[in-house]
Amino acid sequence: MKLDLLGDRQRTHYCGELRKSHAGRTVFLAGWVARRRDLGNLIFLDLRDHTGVIQVVCNREVSAEVHAKAEEIRAEYVVGIEGEVVLRPSDTVNPQISTGEVEVMARTLLLLNEAKTPPFPIEDDIRTSEEARLRHRYLDLRRRRMQHHLRLRHRASLTVREHMTAHGFVEVETPFLTRSTPEGARDYLVPSRIHHGHFYALPQSPQLFKQILMIAGYDRYFQIVRCFRDEDLRADRQPEFTQVDVEMAFPQRDVLFDIIEQLMEKLFALIEAKVRRPFPRLSYDEVMERYGSDKPHLGFGLEWKRVNLPEGAGEKLHVRQPIKVLRVPGWATAARSQLDKLQDLARANAADWFSYAKVGDSEIQSPLGKILGEEAVRTLAAGAEAGAGDLVLLLGLKSGSGAPGPQQRLDAASGELRLELARKLDLIKPGEWNFLWVVDFPMFEYDEKAKRFAAMHHPFTSPREEDLEKLESDPAAVKARAYDLVLNGSEIGGGSIRIHRPDIQKRVFSVLGLTPEKARERFGFFLDALECGTPPHGGIALGYDRIIALMAGESNIREVIAFPKTASAVDLMCDAPAPVDPEQLDELGINIKN
RNA sequence: GGGGACGUAGUUCAGCUGGUUAGAACGCAUGCCUGUCACGCAUGAGGUCGCGGGUUCGAGUCCCGUCGUCCCCGCCA
């Protein structure tokens, strides 16, 4: 097939913008053929670019040459069309497309390129396997949905840069080839050719660099930056992902929260969504009790309460105090099988005691009635503030199960049950944006396996000033000046006020079991910097992919990343990772085992 | 590392308690068609049933292993 050259022709309009007002104009359009409808001497082409679709008419009586070329055209061929925009005959107007009142009478058709028959149709709402989409990502990205997502992402990045700049933040780039810090996530390593046996690491985040920029007097810093973590993937986790990284000197938490809340308001305005400010703030302890999660979805009620069973009941039932109770409004009609499923879910989450009470107008029905007496069950239901027609769930841990962290286990199970109930009862409404700050995280969590404390956020997070004296004596009770930003049950950001004093930094390292020598070996450069006039500082990192995904209405961040990886961290399009030539390995001084 | 779901034509899927030549829709090819827009009509091509092994007279179907995709747990300071 003979192809035409584009020459010096320039596109005059995009396909999707043509309207009645363009009638009579001669235009030159360029794009992909979405569909061809061949009626014999009359051929219709749907020409597509990223703005939309326009119908092109190839009539043998108008141009035999155009018609002959149109006969050869197939889906996804690349063409240029010169012709006149004309009003469609009134009975052939297509109200389903925005350009449906007009069409282009082709006078010239440039056949710019052919295309193989695509493995899947380039259309919206076409179910195609993830595998096929990722393998042929260039075709998947051609679809309107992906075009929309990536263009939304672009506008969001402009919004971030405008907003942060307006608040005096400066974007500074930090290295991708940096030093491995074994704390935290597994690093991606890059071997050094010049220094055999030495490795760079790709940053898990620019944490230390941004703190050093504070020390260097950059005052307010931000960066839209790629981060790398060699950990297993999830719907909301890719090995490389993007953060909006923010840090400020002389921080007041409320000032930072306000800047971020305003940013969220502007971002969600891009999708015409209203955001209520200020965002609620709840302590870690509170959300764990009420929602059983450190990233609760606030879009529906269902709040747990910690209560004690009546005197002696704990012993009778062999249950630890306290238990948790939850009122499920209007679900006294729950079927036995549904309750059994909830019990299974509780057990699967290591909460091995489960019961319930169905509150009627005058009676109350519960398996506990026989053991505790109806009055005790009523007291429990009242504790859950349940009324007629409500169901009360009771969740606890059997006594004698000696596993550690019982309260945490109970909380975690209660959170899972809460989410399952919300799904089952269809309480999660789309189009609502429930932001939340979770504050006052514990400073440390005890690592049972390693038999030591680990930083819950990271080792540079400042303890609350009032907790400083407990740092060594009772680490578990120390709260950090750390906070997470949560949206509809997703953690979309996290940060803290940092330690700016070397003496406190050293004490925290010591609690973490890091000897001064080890600390110096790993973070020596940072400790040196810390001693050179470090201002109080703090910041936050926002999960950019997750935010865009929520804005786009997607539950998987792959949908807002141009070239993502599969659940096994493979790029199906370019087949990475892949073996390399022995010469390349040799140059790096690397032998592959076995 | 563990658990679950899936894997059949280019695509999305059906295929019963194992039984003759593995089907459908869309797509694709060829022909006809001047107002279609998911064009229509006619004809046709297209399959290592993910891969390997086993059971059986006989396996898309049962068993074992393996690979891939998705979701979850662990992991993600």
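Bear in mind that the values here come from a model prediction, so they are computed numbers and not experimental data. Chain naming here is simple, since letters A, B, ... match the order of the sequence lines and numbering starts at 1 in each.
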inquiry  = Partner lookup for B:U30, please. Criteria are Watson-Crick or G-U wobble with both distances under 3.5 angstrom; report none if nothing qualifies.
reply    = B:A42
note = Here the distance between atom C1' of B:G2 and atom CG of A:Asp232, to the nearest Å, is 11 Å
query = What's the verdict on side chain to side chain contact (heavy atoms under 4.5 Å, CB included) for A:Leu550 and A:Ile492, showing C-alpha distance, side-chain angles and the deciding distance?
reply = CA-CA 10 Å; A:Leu550 285 163; A:Ile492 59 167; 3.8 Å; yes
ask   = Given atom CD of A:Glu231 and atom C1' of B:G2, what is their separation to the nearest angstrom?
value = 16 Å
query = Passes side chain to side chain donor-acceptor pair (under 3.5 Å), A:Asp187 versus A:Gln204? Steps please.
reply = CA-CA 7 Å; A:Asp187 286 317; A:Gln204 301 167 26; 2.6 Å; yes
inquiry  = What's the gap between B:C49 and B:G40 when it is taken at their P atoms, as a whole Å value?
reply    = 33 Å
request  = Mind running a 4.0 Å heavy-atom check of residues 481-508 of chain A against RNA chain B and sending the residues that fall below it, in number order?
outcome  = none
message = Taking only the C1' atom of each, what is the distance from B:G23 to B:A14 in whole angstrom?
response = 7 Å
message = Less than 4.0 angstrom from a charged side-chain N to a carboxylate O is my criterion; do A:Arg237 and A:Asp232 meet it?
response = no
Euclidean distance for P, B:A22 against B:A9 (whole angstrom) = 14 Å
task = For A:Ala454, report the nucleic acid contact type (base, sugar-phosphate, nothing); a contact means any heavy atom under 4.0 Å.
result = nothing
key: Pairwise C1' distance, B:G74 and B:U55 [rounded to whole Å]   = 37 Å
inquiry  = Can you tell me how far apart CG (A:Leu419) and CD1 (A:Ile428) are? Round to the nearest 0.5 Å.
reply    = 6.5 Å
message = At under 4.0 Å between heavy atoms, how does the protein contact nucleotides 66-72 of chain B? Give one character per nucleotide, 5' to 3', with B, S or -.
response = --SSSSS
query = If the sugar-phosphate is the primed atoms plus P, OP1 and OP2 and the base is the rest, what is the B/S/- string for nucleotides 35-50 of chain B, using protein heavy atoms under 4.0 Å?
reply = BBBSB-----------
request  = Using a strict 4.0 Å threshold on nitrogen-to-oxygen distance, state whether A:Arg35 and A:Glu123 make a salt bridge.
outcome  = yes
query = Considering every strand shown, what is the Watson-Crick or G-U wobble mate of B:U17 when both distances are under 3.5 Å?
reply = none
task = Under a 3.5 Å limit for both distances, which nucleotide forms a Watson-Crick or G-U wobble pair with B:C76, could you say?
result = none
task = Look at A:Arg145 together with A:Glu559 and state whether they make a salt bridge at an N to O cut-off of under 4.0 Å.
result = yes
query = Should B:A24 form a Watson-Crick or G-U wobble pair with both distances under 3.5 Å, which nucleotide is its partner?
reply = B:U12
inquiry  = Quick check on the 6.0 Å ring-centre criterion: do A:His537 and A:His500 meet it?
reply    = no
query = Within the structure shown, what part of the strands sits under 4.0 Å from A:Pro119 by heavy-atom distance: base, sugar-phosphate, or nothing?
reply = sugar-phosphate
remark   = For B:G35, the nucleotide meeting Watson-Crick or G-U wobble distances (both under 3.5 Å) is none
task = State whether A:Arg143 and A:Asp124 are salt-bridged, where the test is any N-O pair (Lys NZ or Arg NE/NH1/NH2 against Asp/Glu carboxylate O) under 4.0 Å.
result = no
Considering only distance and modelled atom types, tabulate donor-acceptor pairs under 3.5 Å from the side chains of residues 503-511 of chain A, sequence neighbours left out.
{"residue": "A:Asp503", "atom": "OD1", "partner": "A:Arg501", "partner atom": "NE", "Å": "3.2"}
{"residue": "A:Asp503", "atom": "OD2", "partner": "A:Arg501", "partner atom": "NH2", "Å": "2.8"}
{"residue": "A:Gln505", "atom": "NE2", "partner": "A:Pro459", "partner atom": "O", "Å": "2.9"}
{"residue": "A:Lys506", "atom": "NZ", "partner": "A:Glu531", "partner atom": "OE2", "Å": "3.4"}
{"residue": "A:Arg507", "atom": "NE", "partner": "A:Glu472", "partner atom": "OE2", "Å": "2.9"}
{"residue": "A:Arg507", "atom": "NH2", "partner": "A:Leu468", "partner atom": "O", "Å": "2.9"}
{"residue": "A:Arg507", "atom": "NH2", "partner": "A:Glu472", "partner atom": "OE1", "Å": "3.1"}

Atom-to-atom span, CD1 of A:Ile43 to C1' of B:C32 - whole angstrom = 13 Å
ask   = Looking only at N and O atoms, is any donor in the side chain of A:Arg237 or the base of B:C75 less than 3.5 Å from an acceptor on the other one?
value = yes
Please tabulate, for side-chain N and O atoms in residues 520-527 of chain A, each donor-acceptor pair with protein atoms closer than 3.5 Å (sequence neighbours left out).
{"residue": "A:Arg520", "atom": "NH1", "partner": "A:Asp528", "partner atom": "OD1", "Å": "3.4"}
{"residue": "A:Arg520", "atom": "NH2", "partner": "A:Asp528", "partner atom": "OD1", "Å": "3.0"}

Value in whole Å for how far the C1' atom of B:C26 lies from CZ of A:Arg127 = 11 Å
inquiry  = Between B:C57 and B:U20, how far apart are the two C1' atoms, rounded to whole Å?
reply    = 14 Å
inquiry  = Within the structure provided, determine whether A:Arg186 and A:Arg229 are in side-chain contact (heavy-atom separation under 4.5 Å).
reply    = no
Nearest-angstrom distance, P atom, B:C71 to B:C13 = 16 Å
query = What does B:A5 pair with, Watson-Crick or G-U, if both distances are under 3.5 Å?
reply = B:U69
request  = Taking atom P in both B:C63 and B:U56, compute the distance separating them and give it to the nearest angstrom.
outcome  = 16 Å
Salt bridge flag under 4.0 Å for residues A:Glu420 and A:Lys341 = no
query = B:G18 and B:G3: how far apart are their P atoms, nearest whole angstrom?
reply = 27 Å
message = With a 3.5 Å limit on both atom pairs, tell me what B:U56 is paired to, counting Watson-Crick and G-U wobble, or say none.
response = none
task = Would you kindly give the CZ-to-P distance between A:Phe120 and B:U12, to the nearest whole Å?
result = 9 Å
task = Would you mind reading off the distance between A:Asn349 atom CG and B:G2 atom C1', rounded to a whole angstrom?
result = 15 Å
query = Tell me: CG of A:Asp187 to C1' of B:C76, nearest whole Å?
reply = 12 Å
key: Euclidean distance, atom CG of residue A:Leu345 to atom C1' of B:C73 [Å, nearest integer]   = 13 Å
task = Pick out which of A:Gln207, A:Gln211, A:Arg498, A:Gln223 makes a side-chain hydrogen bond (donor to acceptor under 3.5 Å, both in side chains) with A:Glu247.
result = A:Arg498
note = For A:Arg137, the side chain to side chain donor-acceptor pair (under 3.5 Å) test, sequence neighbours excluded, returns A:Asp140
